[in-house]
4 protein chains.
Amino acid sequence: MTKSDCDKRIAILNAALELFSENGFHGTPMTLLADRANVGIGTIYRYFKNKEEVIVNLYRELKGESVAAMRENITKEMPIREQFINIFENLLKFYIANPQKFSFMEQYSYSPFINCAAKQQVCSAYAESLVNFFEYGKKHQVIKDLSTQLIFATANGQVVSLAKMHIAGEISLDDKIIRSAIETSWDALKR
Amino acid sequence: MTKSDCDKRIAILNAALELFSENGFHGTPMTLLADRANVGIGTIYRYFKNKEEVIVNLYRELKGESVAAMRENITKEMPIREQFINIFENLLKFYIANPQKFSFMEQYSYSPFINCAAKQQVCSAYAESLVNFFEYGKKHQVIKDLSTQLIFATANGQVVSLAKMHIAGEISLDDKIIRSAIETSWDALKR
Amino acid sequence: MTKSDCDKRIAILNAALELFSENGFHGTPMTLLADRANVGIGTIYRYFKNKEEVIVNLYRELKGESVAAMRENITKEMPIREQFINIFENLLKFYIANPQKFSFMEQYSYSPFINCAAKQQVCSAYAESLVNFFEYGKKHQVIKDLSTQLIFATANGQVVSLAKMHIAGEISLDDKIIRSAIETSWDALKR
Amino acid sequence: MTKSDCDKRIAILNAALELFSENGFHGTPMTLLADRANVGIGTIYRYFKNKEEVIVNLYRELKGESVAAMRENITKEMPIREQFINIFENLLKFYIANPQKFSFMEQYSYSPFINCAAKQQVCSAYAESLVNFFEYGKKHQVIKDLSTQLIFATANGQVVSLAKMHIAGEISLDDKIIRSAIETSWDALKR
DNA sequence: AATGAATGAGACTTCATTCAT
DNA sequence: TATGAATGAAGTCTCATTCAT
């Protein structure tokens, strides 16, 4: 695949992100997507089988990005508390810095029409990182002995909720508030 | 005849809940909605100006229900901790007992095409209850001195996240787990 | 038929005239017609078989009125020129005084969907009066020896055209101008 | 390809003329229009924003044609009387030779739902030609010193009325009768 | 006799997708 | 390979008419 081939594909996904996050999947006709990406509609169908494939591929891409963001500055040698705080600070900051990506991913996660298999596949890849970390924390008796899913829900739920509110303008997050939020989350889960 | 008027309207909203939660707003044509409600399509338009009005009215109705559910067995005389735990247990149990309602409300909350004014209006009515409670808890120095929004995000985010996972089959909640989850949340927010 | 029966029928026709002339036949739903006439929709269908019947009946009524108006102050003893001028002055003034009636009748005369039989039947009744008069004028060698239809077209065409322009605000007619217009028409047709 | 682009657009307008003149605007569903034009429905919407735009564009086109027809064989050097007779003969013959075009334009001129601005804009362009001619005739004291509007109404009204009757089968016009009709009209307006 | 809630055929329009260039 | 004109299935909504009250 030449460079310029990739350029088109990326242009399409970038345009898709903009438009889907603003207008939703259903509010975004393929023609508009083509216009915004500066390609012909036919071209979209060279890179993606159909509209759903655009959505799914975009989701995959973004989920990858957010996992990468989450893992920044994390080493296994760090104290578990610090890892925890860094992980969720990373995540929340990524969401806030990329409101369109956050918006799209949440929309996607509730869209019932999307192929379930695709959803699961990508989601689990995302959760895997965290699962391992929580298991590790529990084993070392630093994190409460709750089910990993429950721990995940508690920490992740707060972060998602905060990002959503921030983007909706219902709360205004800065570094200090973010830090105190994640520390609050830690209080919930520490042993 | 009042009763029969209400019957049709309610039949439509019930069908809408079923179909919207399963297939999403856009996956539910008005014809299907009419069929499921055992009503002519024209009839829907006697009760609702258009599809969006069906959605908005359903949301309003359900949000009212969930606020009512949340307030059950809560009195101002109860210890604050007990109130907190009851409130969020109520909410989580309501979501789990009514997965379609939960699904629909979350979908709605992310739908970008829905009139923003309507969204805000209903949401704020919902949040008000909690806001007052959190303010009260902070004043009595039982809840951490964090912004009310942050407190809300922490407790509500966990509950939403748990409900979502439970419905997706990613976690299985029973009364005992629910209790420990909410207690975990309390650990986050207690002073 | 009791008096109150007639009242409803007339209320419907009055409302129809208002609404049809403003919004056209197709721009006027039966429900709106019922509202404006202060009757139930069902009631309209007691007095008229269907929407078309409302239109046709209204047309008949109005054509009758305009023939009556045209004939005012005309006696067979008058000079032919005076009769001519009075007839078309009457007609033009009737149109101007009743723009809704004029509008409706013209609309009707061009509506292709209306039962042709009904159209002809009523139209001819209208033309009959004039035909007799023109024949008489020709016989007495006061009016040019042209086909009656052509004479009719010339005099009537001018009046219709003037009424249309007046109502559209493209010309402003007063008694003096009306008189000179009809005299102009007479110049065309006199021998 | 310019040619093929125009082909579709023209096919649609041709079909529209046929169908609108036969069945009226409201009696012509877009699906039927598409069928008659041998075009998919979607294609109509590539060339016209909506049904009204089809109507307005068709009107514009036809009004242009009729102005062109009216002007044939007219030079400023001709005697005014000859110009007058040629103009209105041209117009009447154009109407008779194109009964669908005439029908459509008259229907349009009475349709209350059509955007008024568009109507005026096109109509005035049409009238302009005549206005100039009448002013010229008045200045040279060949045409009566009546308002231009009145002159227009008189000559145009007759022609429209004749065309309408001819098409309805109420009169049968040939070249000789047409000539005598327009001469009659001239008698009305000459000084 | 009068009503108006209920109906559903059918109108307009959109938009995902195809395919000839 | 890239394009975008063409398509028509399918969606939303209107409105003439019916019929039980």
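Numbers restart at 1 for each chain; the letters A, B, ... are given by sequence-line order, proteins then strands.
Side-chain contact annotation: C:K164 with D:S109, donor-acceptor N/O pair under 3.5 Å present.
Between D:T31 and A:N50, it is D:T31 whose nearest contact on DNA chain E lies nearer the 5' terminus. Taking the nucleotide of DNA chain E with the nearest heavy atom to each of D:G42 and B:I41, the more 5' of the two is matched to B:I41.
Side-chain rings of C:Y108 and C:F20 stay apart, their centers remaining 6.0 Å or farther from each other.
Here A:Y45 does not reach the OP1 or OP2 of F:dG4: none of its side-chain N or O atoms lies under 4.0 Å away. OP1 or OP2 of E:dT3 has at least one side-chain nitrogen or oxygen of C:T43 nearer than 4.0 Å.
Residue C:D7 contributes atom CG, which lies 11 Å from atom P of E:dA2 at whole-angstrom precision. If you measure from atom OH of D:Y47 to atom C1' of F:dA6, you get 8 Å, rounded to the nearest angstrom. If you take CG of D:L32 and P of E:dA9, they are 20 Å apart, rounded to a whole angstrom. Rounded to whole Å, the distance from CG on D:D35 to P on F:dA9 is 11 Å. In this structure, CD1 of C:I55 is placed 15 Å from C1' of F:dT17, rounded to the nearest angstrom. A:F25 has its CZ atom 17 Å from the C1' atom of E:dC15, to the nearest Å. With rounding to whole Å, A:F20 atom CZ is found 13 Å from E:dC15 atom C1'. Put simply, CG on A:L33 is 16 Å from C1' on E:dT14, counting in whole angstrom units.
The pair A:K101-A:E106 does not count as a salt bridge, with every side-chain nitrogen at least 4.0 angstrom from each carboxylate oxygen. The existence of a salt bridge linking A:R60 and A:E65 is excluded, since no basic side-chain nitrogen approaches an acidic carboxylate oxygen closer than 4.0 Å.
Nearest to the side-chain atoms of A:K51 among the listed nucleotides E:dA16, E:dT7, F:dA16 stands E:dA16.
Base contact: A:M30 has a heavy atom under 4.0 Å from a base atom.
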